[in-house]
Amino acid sequence: MNGEQDPKVKTILHRLREPEDNPVRRARRMVEAQVPANRRGPGWDRHWRELEAYLDEPGCWSGKTEVQDDG
């Protein structure tokens with residue numbers, strides 16, 4: 001090697017050093033560090049992508065915000 005890093009490696013290292021704005025992505029990295037790939041179910045990636053998308057998209061995802069009085 002001539003002392004320069006592979007661009008792909010450089011990109012990965014930058015991503016790992018850069019703090020993630022999306023807390024779901026941060027959580028995913030922490031969880032995946034603990035859960036081996038062979039223990040992850042078939043919907044693993046889809047689940048995380050959907051959660052990430054909720055925070056990436058503007059708008060309110062929490063559902064109804066007012067409380068109903070049933071009495």
Side-chain angles (χ1 to χ4, degrees):
M1 256 185 154
N2 60 4
E4 290 188 26
Q5 291 179 331
D6 180 333
K8 291 179 184 178
V9 172
K10 200 172 190 177
T11 301
I12 292 168
L13 289 174
H14 177 70
R15 190 177 67 227
L16 291 174
R17 288 184 191 126
E18 192 72 23
E20 184 60 64
D21 289 337
N22 188 316
V24 174
R25 288 189 190 107
R26 287 195 309 263
R28 181 177 185 173
R29 280 200 312 262
M30 291 175 14
V31 171
E32 287 182 342
Q34 300 295 318
V35 179
N38 64 343
R39 298 280 317 268
R40 302 173 194 168
W44 183 273
D45 286 326
R46 181 179 175 193
H47 165 78
W48 286 107
R49 281 194 313 269
E50 288 176 353
L51 290 173
E52 290 169 5
Y54 289 146
L55 290 177
D56 283 340
E57 293 297 320
C60 178
W61 295 95
S62 62
K64 223 174 192 180
T65 56
E66 58 186 65
V67 178
Q68 293 181 352
D69 185 11
D70 292 334

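What you see is a predicted model; the values in this text were computed from it and never measured.
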Point-to-point distance, once rounded to the nearest 0.5 Å, from CZ of R49 to CZ of R25: 12.0 Å
R28 vs D45, side-chain contact (heavy atoms from CB on, under 4.5 Å): CA-CA, chis, key distance, verdict: CA-CA 10 Å; R28 181 177 185 173; D45 286 326; 2.4 Å; yes
Distance-only criterion, 3.5 Å: show the donor-acceptor pairs between side-chain atoms of residues 34-42 and protein atoms not counting sequence neighbours.
{"unit_1": "R40", "atom_1": "NE", "unit_2": "V35", "atom_2": "O", "d": "3.0"}
{"unit_1": "R40", "atom_1": "NH2", "unit_2": "E32", "atom_2": "O", "d": "3.0"}
{"unit_1": "R40", "atom_1": "NH2", "unit_2": "V35", "atom_2": "O", "d": "2.7"}

